[in-house]
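From a predicted model like this one, the values you see are computed outputs, not experimental measurements.
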Amino acid sequence: MRLSLSAKVSALLVLIIISISSVSTYFFVSLESRSREKRLIERGTALSQALSRAAEEGLATENLDLLKKASYIIQSEDVKLVQVYSDLWEAIDAYPFEKLKEPPKREAAVHFAASDSPFYLKTDRAFDFYMPIRFRPSGDFPAVRIGFVRIILSSSHVKEGTRRAIISNVTAASIITLLAILAINVLVGKLVMRPVMSLYAAMSRFRDGELPAGVPPGPSDEIRELHLEFVRMCNSITEKERKLVESEQRTTSLFNRVEHAIFRLDRRGSVVDSNPRFKELFGEAVALCEILSGSRAADCLKSFPAEKVVHSEEKVCGKHGEELTVLLSLYAVADDDGEVDGFDGYIIDVTDKRRLEERLLRAQKLEAVGTLAGGIAHDFNNLLAGILGYSEILLDLSKQGDPVYKPASIIHSAAEKGAELTKRILAVTRKEKLETKPVDVNEVVRGSVELLQRSIPKNIEIVTDLAGEAPVIMADAAQLQQVLLNLAVNARDAMPDGGRLTIETVIVGKENGAAGIPASKGSFVKLSVSDTGIGISKDIQGKIFDPFFTLKETGKGTGLGLYIVHSIVNGHGGYINFYSEPSRGTHFNVYFPLAEAAEIEGSPMLPELGGSGTVLVIDDETHVRELCTDMLTPLGYKVLAAGSGDDGITLFRENRDKISLVLLDMVMPRISGSEIFQTLRTIDPSVKIILCSGYSPSGFAGIENLLKEGAAGFLQKPFTRQAIATSIKAALHTGSSA
């Protein structure tokens, strides 16, 4: 049976009132009983004292009818027994007399053995009082105890009075309790239950989504204030619920739109929730071990609870099996006991970023190698200048069959190859401006195949498939051949047990071109070199174009082959890519922009070399100064030479009216070529100056600026007699002054 709130409150109030009434009745009855007992004890003590004095007088007058004088005591209704004892507890007199021999209580004898104070005992129906009898012989002697008196008073009237008090008190309390219950029920129903039930109804409506309409009328009391607070609470909850819904919508929107892959794992590492970006990267992966390798996933999860968060860079498997580089963050989620209950995490895909960093690092390596190679090439060019120039002079001074002709020819040929090598190095390192001309790629392939057939083992078959239309590009033929030979040599090394080397050329449209080639180019020449060798593993494919990276044994490879290929192709405005699978070979594609008709022109006629005038040569290298003198003097020029900047400036001051042109080396000790140039221009603003250096104009800071400021030209070391004579003649015959 389920009681209503009103019944529960009424029952509680009844219990409280009955309890209060019962307690008050109990205390009243107890107090009344103790009061009656107290009065009985006081009366018994007084009677025992009176009886003690009467017995004392009787003993003093030798009247043994001790109780006769205390007849008023004996005749009292509540006196049940009166006895007189000697000091040795021998009965002397008693009322009623037949109870003379009734012995005293043992407790009384024990008490008076130690004390002379009055004593009483309470029994079920009576109080037993004892009082000592004292005798004082005279005023000079102390009183002595000569006996005891005993009075037993009935306590029945005390109990009867208590019973009547209980009845009257309970009757009154019951009437009061009944009236109180009725009054309280009425008040509770009106002042408490009705507002409480109204509040309960408002709560029920709010549970169903309806806001409370207001506060019921009534006096301002605690329940009404409670109702007001409930209304405010409902409004606050509704507002917070609205904000919570909005916040959840924003969070869900952010969760779905963020570019990071966000996910949640249970304690075993299974995915329990993830955002669309996660699914985009990893599909329907259901566990962390499907993304990471099993051991790495286990290591990450075992890091807890020693670490509350784990950050690491990982190689993971994407949705389509591709390898991705990601930043993984995992956060432990603890339960109420502090135990790890799951994990929250996010993944940032940094694959493209790492690739860009690798490219930047590669570019920095290329720049470092280029700087080193440029410096070496500059110094080498200075050395080659004398070798190439004097070998050319020796060839001019001799003829075939002379003893000196063959050595001079060999020296001249070697010097030309050295100059070509430094030129390639500077071109590869972007420190030499390419001197391109129309080149038929098919002709380069045919010439390279002839060389390859003499150097590649017989167990490797060389297959060519060349375009029918001549694929002409603007290129340096020697460098283009170097690209082809380097790729072919790598293919040879990849087929130690033999195979097939295929070289193809084809003209393709820009829609089939490679990324990175300007879209304005109409068509491309694709040069393909493929092999059936061991292939390149995926973990090193991103490093094959790095300088000095090689898998060959020490002494069998420098690691510069593909680096040089990549640099030459980029220098020609082209692009290279490749595809390789282990044990299935490698396929390289090199794209070059096809030359336009306007670029294909014939070679200009060689100018006449002879001339006249005075040329001042300022160069710190002795052999270069002497070479210039020996080259230019036979052509009709007078040469003045200076080994330092100060000497050159002095010679120019002294002979400024005679000097037609200055040949100035840019790299000089103590004072730079740029400073010498500005000083000479200050002395004579119309002076013609040809700059000379082992660096190219783009490879040495300041050369291009000086050319813009009015330098008459630039001559690259090493140079031939034709090159120096042509540069001087062009500078002297120009209409503008330097």
Would Phe263 and Phe278 count as a close aromatic pair, with their ring centres under 6.0 Å?
yes
Rounded to the nearest 0.5 Å, what separates atom CD1 in Ile534 from atom CG in Asp497?
10.0 Å
Please answer whether the main-chain N or O of Asp349 pairs with a side-chain N or O of His260 as donor and acceptor at a distance below 3.5 Å.
no
Tell me, with the steps shown, if Leu594 and Phe524 meet side chain to side chain contact (heavy atoms under 4.5 Å, CB included).
CA-CA 5 Å; Leu594 193 65; Phe524 310 104; 6.0 Å; no
Looking at every heavy atom in both Asp440 and Pro471, which two are closest together, and how far apart are they?
OD1-CD, 3.4 Å
Do any side-chain atoms of residues 498-507 form donor-acceptor pairs under 3.5 angstrom with protein atoms, and if so which ones, sequence neighbours left out?
{"unit_1": "Thr505", "atom_1": "OG1", "unit_2": "Asn442", "atom_2": "OD1", "d": "2.8"}
{"unit_1": "Thr505", "atom_1": "OG1", "unit_2": "Ala467", "atom_2": "N", "d": "2.9"}

So OG1 of Thr586 and CD of Glu581: to nearest 0.5 Å the spacing works out to 9.5 Å
Tyr579 and Asn589, any side-chain heavy atoms less than 4.5 Å apart:
no
In Å, rounded to the nearest 0.5 Å, how long is the span from CG of Asp493 to CD1 of Ile456?
9.5 Å
Heavy atoms, side chains only, cut-off 4.5 Å: are Ile262 and Tyr346 in contact?
yes
Check the pair Lys315 / Thr325 against side chain to side chain contact (heavy atoms under 4.5 Å, CB included), numbers first and verdict last.
CA-CA 5 Å; Lys315 297 290 186 181; Thr325 303; 2.8 Å; yes
Leu487 versus Val483: any side-chain heavy-atom pair under 4.5 Å?
yes
For a side chain to side chain contact (heavy atoms under 4.5 Å, CB included) check, start with the C-alpha distance between Val472 and Val441, then their side-chain angles and the critical distance, and finish with the verdict.
CA-CA 6 Å; Val472 179; Val441 179; over 6 Å; no
Looking only at heavy atoms, the pair that brings Ile473 and Pro593 closest together is CG2-O, 3.5 Å
Do Glu709 and Phe677 come close enough that some side-chain heavy atom pair is under 4.5 Å?
yes
dist Phe578:CZ -> Asn490:CG (nearest 0.5 Å) comes out at 11.5 Å
Spatial distance of atom CG (Asn486) from atom NE2 (His566) [nearest 0.5 Å]:
14.0 Å
Could you tell me if Ser312 and Glu314 have a donor-acceptor pair between their side chains, going purely by distance under 3.5 Å?
yes
Asn570 vs Ser567 side-chain heavy atoms within contact, under 4.5 Å:
no
Could you walk me through whether His572 and Tyr591 satisfy the side chain to side chain contact (heavy atoms under 4.5 Å, CB included) test, starting with their C-alpha distance in whole Å, then the side-chain angles of each, then the deciding distance to 0.1 Å, before giving a yes or no?
CA-CA 10 Å; His572 283 75; Tyr591 296 83; over 6 Å; no
Picking from Ser693, Ser727, Cys628, what satisfies side-chain contact (heavy atoms from CB on, under 4.5 Å) with Leu715?
Ser727
Quick one: are Met666 and Cys692 in side-chain contact, heavy atoms under 4.5 Å?
no
So, are Arg625 and Asp619 salt-bridged, with charged N and O less than 4.0 Å apart?
no
What's the shortest heavy-atom distance between Leu324 and Thr351, and which atoms?
CA-OG1, 3.5 Å
Can we say Lys717 and Asp665 salt-bridge, meaning some charged N sits less than 4.0 Å from an Asp/Glu carboxylate O?
yes
What heavy-atom pair brings Gly585 and Ser580 nearest, and what distance separates the two atoms?
O-OG, 3.2 Å
Heavy-atom closest pair, residues His311 and Ser329
ND1-OG, 2.7 Å
May I ask you to check whether over 12 heavy atoms, not counting those of Arg446, lie within 6.0 Å of atom CZ?
yes
Flag side-chain contact, heavy atom, 4.5 Å: Val439 against Leu480
yes
Non-hydrogen atoms of Gln453 and Lys458 that approach each other most closely:
O-NZ, 4.2 Å
Below 4.5 Å, heavy atoms only, C-beta onward: do Lys279 and Leu281 meet side chain to side chain?
no
His587 NE2 to Thr532 OG1 distance, which is reported to the nearest 0.5 Å:
13.0 Å
